[in-house]
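Below is one structure, written out as structure tokens, with a few remarks after it.
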Amino acid sequence: MMTEEQRYLFDLCGFLHLKNVLTPKELDAASEAANRYIGSVAEDLPPDFGASENRKGFAHGFAFDRALEKLVFLPAVWPIVLELTNGKPMLASGTLMVDDPNGHTAAVPLHCAREDYGFESARYEIRQGRIYCDDFVAFPYLDDVHPGDGGLLVVPGSHKSQFDRPPQLFSQGRIEGEVPPGVINITPAAGDVVVMPEALTHGVLPWKAADRQRRVLTLRYRPHHRQEGPIPETIKKRLTPETRELLETAHYTHKKDIAAREIVELSP
Ligand SMILES: O=C(O)CCC(=O)C(=O)O
């Protein structure tokens, strides 16, 4: 489960910035695999892999290589996944996202699940001293982000806001330059992980670093009674039994074998 400090900070701010989560070896392997995916021409990729038109999203990045699949069960993040899903974890998707000076650099306006899909789309609540959240993301970072580079913006505390965000606030939600008071730019180092609910208002600054990329895996977790993510069979077939179990939707009363494990190692 989460530590006392994590629970306090996640509940107060609406995100956790976990430092040095990946070992140098894990980071090197994941970075090499991500580069192999990003550098491949479409015809050479296995079925159902590929880049979005703007080359920001690389579909099913978590399934491209074991070094990326491993990040789904990071030992520092797994207890958080188990607490937030009330011991019923499911992974809905795992896109690799890339901001690149020679590719995608555009801002993403502020948004969150509640604003996009309605108040009932994202639950966040406290039960018996634990946090329950039915839609959240873990972002393992493969590159350093420095202040001034751009990247992730969040409105701390907004995961619990009882009011709609006034549309005129924060430059109509499209922040391109200076970050206004009330919003913060999170600048993780390679190997760090950010965890946040989809109910937290967030966006992305334009990418300004001229010589560096920002490669981030976007791991979307939900309780397993929710709808299964859009992962095709061709992708599932590549994965270990542990990750396949994590992708499965199930009844509220079901208990997944992996959910009983404090540490999940992928079968060879
Ligand atoms: O690029 C990022 O860091 C976050 C993007 C994201 O979560 C979103 O677009 O909803």
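Whatever order the structure lists them in is the order used to number ligands and atoms, beginning at 1. What you are looking at is a predicted structure, and each value in this text was computed from that prediction instead of being measured.
- Taking a 4.0 Å cut-off on heavy atoms, Val216 fails to register as neighbouring ligand 1.
- Looking at Arg123 and Asp135, no side-chain N of the basic residue comes within less than 4.0 Å of a carboxylate O on the acidic one, giving no salt bridge.
- No option in Glu248, Glu69, Glu228 other than Glu228 meets the salt bridge (Lys or Arg N to Asp or Glu O under 4.0 Å) test with Lys236.
- The six-membered or imidazole ring of Phe49 lies near that of Phe64, with a centre-to-centre distance under 6.0 Å.
- Between Glu198 and ligand 1, a contact under 3.5 Å exists for no N or O pair.
- Exactly one of Arg214, Gln213, Lys208 qualifies for a side-chain hydrogen bond (donor to acceptor under 3.5 Å, both in side chains) with Asp99. That residue is Arg214.
- For atom 1 (O) of ligand 1, the closest heavy atom belonging to the protein is Arg214 NH2, 2.7 Å.
- Shortest contact from atom 10 (O) of ligand 1 to any protein heavy atom: His111 NE2, 2.7 Å.
- Ring centroids of His111 and His202 are separated by less than 6.0 Å, placing the two rings close together.
- Atoms of ligand 1 lying under 4.0 Å from any heavy atom of Val204, numbered from 1 in the order shown and given with element: 1 (O), 2 (C), 4 (C), 5 (C).
- Here the options are Glu5, Gln6, Glu4, the test is side chain to side chain contact (heavy atoms under 4.5 Å, CB included), and the partner is Met2; only Gln6 passes.
- With a 4.0 Å cut-off on non-hydrogen atoms, His104 does not touch ligand 1 at all.
- Proximity to Lys56 (heavy-atom distance under 4.0 Å) selects the following atoms of ligand 1: 1 (O).
- Of the polar atoms of Arg220, none of the N or O atoms is found under 3.5 Å from an N or O of ligand 1, judged by distance alone.
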